[in-house]
Colleague: 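Handing you a structure now.
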There are 2 protein chains.
Amino acid sequence: MKLTPTIQRCVLHWGEMGSRWGVSRSVAQIHALLFLSPEPLTADGIAETLAIARSNVSVSLKELQTWDLVSITHVIGDRRDYFLARKDIWEVLTTIMDGRKRREIDPTVQMLRDCAQEAKRDTETPDQVKERIATMLEFLEEMTGWYDQIRSMPRPTLLKLMRMGTRVAKIVG
Amino acid sequence: MKLTPTIQRCVLHWGEMGSRWGVSRSVAQIHALLFLSPEPLTADGIAETLAIARSNVSVSLKELQTWDLVSITHVIGDRRDYFLARKDIWEVLTTIMDGRKRREIDPTVQMLRDCAQEAKRDTETPDQVKERIATMLEFLEEMTGWYDQIRSMPRPTLLKLMRMGTRVAKIVG
DNA sequence: CGGTTATTTCAGGAATGTCTGAAATTTACG
DNA sequence: CGTAAATTTCAGACATTCCTGAAATAACCG
């Protein structure tokens, strides 16, 4: 895949953003490249285009597959793996958000549940602190519950809702 | 501030999560401690409670202030600074989200705008790629626009909307 | 099988991020 | 002012993460 200035810019930017999102620069760059590429690419091709080690491409692609953002295809008469990114931006974004929720929010909710449970037998932590923990748990549960509901809605419905913006409040309220 | 097992657990967990969110462990731990603490704390007190260097506390508190999550108070007859975290979880969360949007999403939207602009004069990047960039820009603008609208709604309205969950779709659609 | 190509594993080096402690600076009081 | 307490700065130690290149493994073909 030829790396035109425009594509390069996207790839580099995506790479920088990636490191803020908890994935390595390579992973993010590879994802950007595959996302933009009209055709599937080989691991060797990616390594060459981005000038990174072949082995690095291998592990990065594995990670992208665990995120469900990249899959493998094959072409007849060629035994190399060809890699392909999800092209639907909506799916890409929701996949990433779901993953982050699972890795970052859900464990926190669990921890708070445990703390709230423990707090009953716990005489040494001040009531004010216990209450703050309880409030936080309640809030997070409400938020994640909402998120799950939103996610369960069919996309066209959600899109319509989004386009209405603040007007929904007037109609409902 | 006394570090009971329950509090310690929250602080440690928050610290681990923090590093996934792009803030250092110290910053996250200090934030957790201040958030739970019923009273404002001194920097020395924090350093002692969490067993981290005084200087580390100093820079971490500065960072938390740039995030608008922590502020300073004073008590009469004491010239030390006392630090105080926002206690309203809703505000804490929206403050963090606003910050992340500003630091991560907005620059990406800007980059995509620049690329889309540049694409007009650009003859070497394939049209398919240009189109993908355009789609992505469009989508992100729609999402951020929705976010801004949601954020502009008064909290009780939003809360009501959240509690309705998927039912809003039925009423509206 | 043996040979060839593709992929993965992994030890160690490079780069980055974090924390500490000493020294410098600021602030406030007598 | 001079002094002492409080805070900040910053160089370098420490830790973590990331990447590479060599070697091992797997997949395929004649």
Side-chain angles (χ1 to χ4, degrees), chain A residues 1 11-12 14-34 40-67 70-84 103-104, chain B residues 1 11-34 40-67 70-84 100 103-104:
Chain A
M1 164 117 182
V11 167
L12 290 178
W14 206 247
E16 281 166 31
M17 281 304 148
S19 34
R20 296 197 184 186
W21 277 69
V23 300
S24 76
R25 205 176 53 231
S26 311
V27 170
Q29 286 185 352
I30 292 172
H31 179 240
L33 188 68
L34 284 174
L41 303 175
T42 62
D44 277 310
I46 295 169
E48 194 183 353
T49 310
L50 299 178
I52 59 183
R54 176 64 181 73
S55 55
N56 189 1
V57 173
S58 183
V59 297
S60 299
L61 283 169
K62 274 275 146 64
E63 181 170 344
L64 285 168
Q65 280 169 277
T66 71
W67 279 84
V70 163
S71 54
I72 301 184
T73 38
H74 291 99
V75 308
I76 42 158
D78 189 339
R79 52 199 182 85
R80 289 175 299 176
D81 289 345
Y82 280 77
F83 297 89
L84 179 70
R103 288 160 215 233
E104 294 168 12
Chain B
M1 166 119 182
V11 167
L12 290 177
H13 179 93
W14 206 247
E16 281 166 30
M17 281 303 150
S19 34
R20 296 196 183 186
W21 277 69
V23 300
S24 76
R25 205 177 51 229
S26 312
V27 170
Q29 285 185 353
I30 292 172
H31 180 240
L33 188 66
L34 284 174
L41 304 174
T42 63
D44 277 309
I46 295 169
E48 194 183 354
T49 312
L50 299 178
I52 59 183
R54 177 64 182 73
S55 55
N56 189 1
V57 174
S58 182
V59 298
S60 298
L61 283 169
K62 274 274 146 62
E63 181 170 344
L64 285 168
Q65 280 169 278
T66 72
W67 279 83
V70 163
S71 55
I72 301 184
T73 36
H74 291 98
V75 308
I76 42 158
D78 189 339
R79 54 196 180 85
R80 290 174 299 177
D81 290 344
Y82 281 77
F83 296 90
L84 179 70
R100 288 180 74 83
R103 287 159 216 234
E104 295 168 10

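Numbers restart at 1 for each chain; the letters A, B, ... are given by sequence-line order, proteins then strands.
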Colleague: Can you give me the N/O atom pairs linking the protein to nucleotides 16-21 of chain D at distances under 3.5 Å, or say none if there are none?
Modeller:
residue: dC19(D); atom: OP1; partner: Ser26(A); partner atom: N; Å: 3.4
residue: dC19(D); atom: OP1; partner: Ser26(A); partner atom: OG; Å: 2.5
residue: dC19(D); atom: OP2; partner: Ser24(A); partner atom: OG; Å: 3.2
residue: dC19(D); atom: OP2; partner: Ser26(A); partner atom: OG; Å: 3.0
residue: dT20(D); atom: OP2; partner: Ala53(A); partner atom: N; Å: 2.8
residue: dT20(D); atom: OP2; partner: Asn56(A); partner atom: ND2; Å: 3.0
residue: dG21(D); atom: N7; partner: Ser55(A); partner atom: OG; Å: 3.1
residue: dG21(D); atom: O6; partner: Ser55(A); partner atom: OG; Å: 2.6

Colleague: Report all side-chain donor-acceptor pairs from residues 22-32 of chain A shorter than 3.5 Å, counting only partners two or more places apart or in another chain.
Modeller:
residue: Ser24(A); atom: OG; partner: Val27(A); partner atom: N; Å: 3.3
residue: Ser26(A); atom: OG; partner: Asn56(A); partner atom: ND2; Å: 3.0
residue: His31(A); atom: ND1; partner: Trp14(A); partner atom: NE1; Å: 3.3

Colleague: State which residues pass salt bridge (charged side-chain N to carboxylate O under 4.0 Å, His left out) with Arg79(A); sequence neighbours excluded, sorted by chain then number.
Modeller: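 Salt bridge (charged side-chain N to carboxylate O under 4.0 Å, His left out) list for Arg79(A), sorted by chain: empty.
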
Colleague: Ignoring hydrogens, what is the shortest heavy-atom contact between Glu63(A) and Thr66(A)? Give both atom names and the distance.
Modeller: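 Scanning both residues completely, I find the closest heavy atoms to be O-OG1, 2.7 Å.
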
Colleague: Between Leu41(B) and Phe83(B), is there a side-chain heavy-atom distance shorter than 4.5 Å?
Modeller: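 SC-SC contact between Phe83(B) and Leu41(B) ruled out.
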
Colleague: Taking only residues two or more places apart in sequence, or in another chain, which ones meet Glu104(A) in a side chain to side chain donor-acceptor pair (under 3.5 Å)?
Modeller: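 Side chain to side chain donor-acceptor pair (under 3.5 Å) check on Glu104(A) returns Trp21(B).
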
Colleague: What are the two closest heavy atoms between Arg80(A) and His74(A), and how far apart are they?
Modeller: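 Closest heavy-atom pair between Arg80(A) and His74(A): O-CD2, 3.5 Å.
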
Colleague: Listed by chain and number, what are the side-chain contact (heavy atoms from CB on, under 4.5 Å) partners of Thr73(A), not counting sequence neighbours?
Modeller: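 Thr73(A): side-chain contact (heavy atoms from CB on, under 4.5 Å) contacts with Pro40(A), Tyr82(A), Leu84(A).
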
Colleague: With sequence neighbours excluded, what pairs up with Arg103(B) under the side-chain contact (heavy atoms from CB on, under 4.5 Å) test?
Modeller: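 So Arg103(B) forms a side-chain contact (heavy atoms from CB on, under 4.5 Å) with Arg20(A), Trp67(B).
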
Colleague: Show every side-chain hydrogen bond (donor to acceptor under 3.5 Å, both in side chains) that has at least one partner inside residues 40-54 of chain B, sequence neighbours left out.
Modeller: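 The answer is Asp44(B)-Arg54(B).
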
Colleague: Distance under 4.0 Å to a non-hydrogen atom of chain A counts as contact; along DNA chain C, which nucleotides mark the start and end?
Modeller: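 Result: dT4(C) to dT9(C).
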
Colleague: Begin from the C-alpha positions of Leu61(A) and Leu34(A) and carry the test side-chain contact (heavy atoms from CB on, under 4.5 Å) through to its verdict.
Modeller: CA-CA 10 Å; Leu61(A) 283 169; Leu34(A) 284 174; 3.9 Å; yes

Colleague: Would you jot down, in residue-number order, the residues of residues 73-81 of chain B having a non-hydrogen atom under 4.0 Å from DNA chain D?
Modeller: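 Hits under 4.0 Å, by residue number: Arg79(B), Arg80(B), Asp81(B).
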
